[in-house]
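These notes concern the structure reproduced below.
Chain letters run A, B, ... following the sequence lines, proteins first and then strands; every chain starts at 1.
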Amino acid sequence: MSVEIELQESMNYTPIQRMRHSAAHVMAEAIQEIFPDARFAIGPAIEDGFYYDFDLPRPLTPDDLPEIEQRMRCIIAARHPFQHDRWPREQALEYFHTKGQDYKVEIIENLSDAEVGIYQQGNFLDLCRGPHVGNTDEIGPIKLMRVAGAYWRGDEHRPMLQRIYGTAWFTQEEMDQYLWRLEEAQKRDHRKLGRELKLFTFSDDVCAGVPQFYPRGETLRHLMESYVRETQERYGYQHVWTSNIGKVRLYKTSKHWYTYRENMFPVMKGDQEASDDDAYVLKPMNCPHHILLFKSQMHSYRELPIRYAESDTLYRYEKTGTLTGLARVRSLTQDDAHVFMRPDQIQEEFNRSVNLTLEVFETYGLQDYWIRLSLRDPQKKAEYVGSDEVWEIAEATLREAVESKGIQYEEGIGEAAFYGPKLDFMVRDALGREWQCSTIQLDFVQPMNFELEYIGEDGQPHRPVMLHRAVTGATERFMAMLIEHFAGAFPVWLAPVQAMIIPIADRHQDYAYKVLEQLKTAGIRAEVDIRGERMNAKIRDAQMQKIPYMLVVGDKEATAEAVSVRLRTNVDLKSLPLTQFIERVSGIASSKSLEL
RNA sequence: GCCGAAGUAGCUCAGUGGUAGAGCAACGGUUUUGUAAACCGUCGGUCGUCAGUUCAAUCCUGACCUUCGGCUCCA
């Protein structure tokens, strides 16, 4: 987000945002007291709080926060009024230049107004459009959360500034509630649950960002992927399999090489005499491979659309600093598909993709997502391939398709893929970070790169249009989201272990295994807990593993061919005939119900 | 990749310039249990890796690996 936009948006601050923005200024004053040579960048209100970016003579550490916070409290208690003024542009430039405030000077230079806003509280004077609260004592409880690095203007080629994030609320109750919410969110963190529920792990001896899945995690992956596969087939997709490696020249043809070569895992250069173009890399994306499948045969207009789907693992060398549990990995399994179609089929194929995605979201009970229409940044045309004309057609077509479908969306300028605009489904994780999952991309460019053709009704070759789409995106990232969405308590159809059989005493083990056999025969994933623990301990452990059903078996159950059913919701269903339990679970699992 | 923090037993963590501890887990024994942790005992760590400083390094310094919080990026 540009500084200009932030400053403009600040005009529309809500009361709490205004207070948070004022808190940022107070923090800046505290910093000025500690570091008289500090240079100030920007300090807006954000969701739940505020931040301010500083250029300081030394790095901040978390140990600095208490002192800054203490000084802020003093400033707040000193009841300084926020004084607003408007200075002529030249005066402001002169002032900030004299003060060595280069960042402020740069901001003013980018403003076209004749006058600029100035706010002062206590000894701190800042360039700012405001608005602010009237007096520092109107600022509620504050807490500084963390220090972080941030590039000036978000540009990695510009200086790295130090950012302090803080939170501010009108009342202590709201603050406490917010901190409690953060704690609760941390309990859902998929990295923590992934270890506790024995789903996956990472090893320093493999590769950063490459998860290793335990049996329970693999079961979960497999169920997720099977579900998408079945659904896709119902929607008319055909599955293909392409390799895990490809030659550099393939990705040069698709132009991916020129944008992403730094992110491709090199494998080897085969023959010493071979050219660089013949070197191998691990497959970073499927599109060129699917395109080869299409291109290697003649196609009639009657065959279209052709929908090739593939769910396999791609490798991308993501920068180390970007890796985050399963949410950002270097080995990602995309439920990818490429549709080759006639131009007149775009609308229908788009609808088909959207419907497929929404159906899957519905099954998972996902509601906390939003949709972004990702467009090209017209200021940075060089970063995209394809002519203006093609882009205009693609963007207009996609926008028209979204609107005719009646979908609510927000536009994301500069969020397009390098070959075309897309529709992205954005989901939030437990800690409020947003991740792109599903995506639908319209592409007129790759068919040109590969000179794709089909034979039309007129007997002449025509160029097809492509649709790239992923339903859940990457299995890994979607799993991260599901773990957090369900807090590890997966619906029955997804639970790696659906039932834990708990024999009360050793003499009940035979019956427990008999129950296990019958459950397995019925396709229910179950285990017997034969450890020498007491029943209470076994129940506790199954509960902590979020296993949907705990089946306690003792003398009564053995004689009655029954199981005593306890749900992970603490509900006790008492003794049920085994056949009745099997019927119940089978029904819930096959309907993918979220009930127990 | 950049800024900052961190890495001690399988997990959660304590600790010190003189080669380390707790709880849980695991294992062994006792107990044979009716809906969220029985009791006793045992094992377990070249303190992330490699160099350097030092009589002596888990502790200090450097590089690297990995993780965490952000920034940038995400076909």
[X] side chain near [N] phosphate (N/O to OP1/OP2, under 4.0 Å):
X	N	answer
A:Lys192	B:C11	no
A:Arg507	B:U33	yes
A:Arg158	B:C2	no
A:Thr322	B:C73	no
A:Arg163	B:G70	no
A:Tyr317	B:A75	no

[N] [atom2] sits how many Å from [X] [atom1], rounded?
X	N	atom1	atom2	answer
A:Asp64	B:A5	CG	C1'	12 Å
A:Ile547	B:A36	CD1	P	16 Å
A:Met264	B:C74	CE	C1'	13 Å
A:Ile502	B:A37	CD1	C1'	13 Å
A:Gln162	B:A5	CD	C1'	13 Å
A:Tyr511	B:G34	OH	P	19 Å
A:Leu332	B:C74	CG	P	15 Å
A:Arg531	B:A36	CZ	P	15 Å

Between [X] and [Y], does at least one N-O distance fall below 4.0 Å, as a salt bridge requires?
X	Y	answer
A:Glu184	A:Lys187	yes
A:Asp55	A:Arg39	yes
A:Lys514	A:Glu561	yes
A:Arg540	A:Glu533	no
A:Glu476	A:Arg316	no

So [X], base contact, sugar-phosphate only, or nothing? Heavy-atom distance under 4.0 Å.
X	answer
A:Gln543	base
A:Pro59	sugar-phosphate
A:Arg58	nothing
A:Arg328	base
A:Thr259	nothing
A:Gly209	sugar-phosphate
A:Gly154	sugar-phosphate
A:Phe202	nothing
A:Arg146	sugar-phosphate
A:Leu314	nothing
A:Arg316	base
A:Asp541	nothing
A:Asp555	base
A:Arg566	base

Do [X] and [N] have a side chain to base donor-acceptor pair shorter than 3.5 Å?
X	N	answer
A:Glu557	B:G34	yes
A:Asn536	B:U35	no
A:Tyr151	B:G1	yes

Work out how far the [atom1] atom of [N] is from that of [M], and round it to whole angstrom.
N	M	atom1	value
B:U58	B:G15	C1'	10 Å
B:U46	B:C59	P	15 Å
B:C13	B:U8	C1'	9 Å
B:C65	B:G23	C1'	30 Å
B:C39	B:U16	C1'	35 Å

* **Close side-chain approach of A:Tyr251 and A:Met285, heavy atoms under 4.5 Å** => yes
* To do: With the side chain counted from C-beta on, respond yes when A:Phe213 and A:Met479 share a heavy-atom pair under 4.5 Å apart, and no when they do not.
  => yes
* Structure fact -> Which of A:Val329, A:Leu282, A:Asn263 passes side chain to side chain contact (heavy atoms under 4.5 Å, CB included) with A:Tyr315? It is A:Leu282
* Structure fact -> With the side chain defined as heavy atoms from C-beta on, A:Arg433 is closest, among B:U33, B:C73, B:G69, to B:G69
* Structure fact -> From the candidates B:U35, B:G69, B:U66, the one with an atom nearest any side-chain atom of A:Arg191 is B:G69
* Using the six-membered ring for Trp and the full ring for Phe, Tyr or His, decide whether A:Tyr260 stacks on the six-membered base ring of B:A75 (centres under 5.5 Å, planes under 30°). => yes
